[in-house]
Amino acid sequence: MDIIQQLDGNILLWIQNYIRKEFLNPMILFITSLGDAGWFWILLLIGMLLSVKYRKIGMTGLVALLIGFLITNLCLKNMVARIRPYEVIEGLELIGKRAHDFSFPSGHSTCSMAASVVLFAKLPKKFGIPALTLGVFICFTRLYIGIHYPTDVLIGMLIGIIAALAAMYIIKQEKTDILSS
């Protein structure tokens, strides 16, 4: 076992032993479900498309999600093919249902950071800060429930941030009538 894998496992077991609390589990499962297939972020961003004032932000967020999805779910997960931690780490108990895809990188983390970084950068801080806070918290829930290694989450977060920055650059360059109307 390499040092990164060992450190990942130790962090997950530490979270399980010292942070997990039975009374928190339903709330954590709900929050992590907000990242399932990106549904929460997708609905929020589509809703923004309906408003002239927020249309460009909604489009930027959707482009960020698409970029993150292509990198994480279509490419890296299948190339790396990392087994889920609850299948490898002795004593780690999964909270919730088993995943049917590979672990690295975390799609929930990529999606949550891609959307929340765009919202943080483009919305007033009273909306941007809660969006970013939720995005980061969804990332943490993936560790809490034992479905991802810390490195899965960190790389997923990094990909999400890069996807957000790329989308903001792409949409800033775009001058079509659809986005500016």
Side-chain angles (χ1 to χ4, degrees), residues 1-44 61 64-120 130-167:
M1 182 183 280
D2 69 8
I3 193 155
I4 302 274
Q5 182 86 8
Q6 187 175 4
L7 183 60
D8 269 350
N10 289 340
I11 291 169
L12 288 174
L13 290 171
W14 186 86
I15 290 169
Q16 176 177 282
N17 294 332
Y18 297 104
I19 296 180
R20 273 191 194 174
K21 304 293 179 215
E22 189 68 34
F23 72 93
L24 291 176
N25 293 353
M27 178 188 67
I28 296 293
L29 286 170
F30 170 74
I31 292 168
T32 207
S33 77
L34 297 176
D36 292 352
W39 74 266
F40 172 80
W41 301 111
I42 292 168
L43 288 179
L44 178 64
L65 289 179
L66 179 61
I67 292 168
F69 173 78
L70 292 173
I71 294 168
T72 299
N73 294 77
L74 291 186
C75 294
L76 290 177
K77 276 189 182 280
N78 295 315
M79 285 176 25
V80 175
R82 189 177 198 189
I83 304 298
R84 296 282 177 170
Y86 56 83
E87 296 177 6
V88 176
I89 300 169
E90 191 172 324
L92 182 65
E93 297 173 19
L94 174 67
I95 298 174
K97 54 188 173 185
R98 299 172 68 83
H100 299 290
D101 62 349
F102 294 113
S103 188
F104 180 88
S106 166
H108 278 68
S109 299
T110 299
C111 175
S112 295
M113 293 311 294
S116 69
V117 166
V118 167
L119 297 175
F120 177 76
L132 186 62
T133 302
L134 177 61
V136 171
F137 196 58
I138 289 171
C139 295
F140 172 75
T141 65
R142 308 310 285 165
L143 303 174
Y144 182 96
I145 67 173
I147 203 158
H148 278 291
Y149 296 96
T151 49
D152 297 346
V153 170
L154 288 173
I155 298 302
M157 292 173 80
L158 181 62
I159 293 167
I161 292 166
I162 291 167
L165 294 173

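Side chains included, hydrogens not; waters and symmetry mates left out as well; all remaining heavy atoms used.
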Quick one: sort the Y18 and W14 rings into parallel, tilted or perpendicular, breaks at 30° and 60°. tilted

State, with a plain yes or no, whether a side-chain heavy atom of F140 is found less than 4.5 Å away from one of I19. yes

Side chain proximity check, I147 to Y86, heavy atoms < 4.5 angstrom: yes

Can you check whether P105's main-chain N or O pairs, donor with acceptor, with K77's side chain at less than 3.5 Å? yes

Has the side chain of S106 got a donor or acceptor atom that lies under 3.5 Å from a matching backbone atom of S109? yes

Quick one, L132 and L119 - any side-chain contact, counting heavy atoms below 4.5 Å? no

Can you find a pair of side-chain heavy atoms, one from F137 and one from I31, that are under 4.5 Å apart? yes

N/O donor-acceptor pair under 3.5 Å between H108 side chain and D36 backbone: yes

May I ask you to decide whether R84 forms a salt bridge with D152, counting only side-chain N to carboxylate O separations under 4.0 Å? no

Are P85 and D8 packed together at the side-chain level, in the sense that at least one heavy-atom pair is separated by less than 4.5 angstrom? no

Is there side-chain contact between I89 and Y149, with heavy atoms separated by less than 4.5 Å? yes

Between C75 and L70, is any pair of side-chain heavy atoms under 4.5 Å apart? no

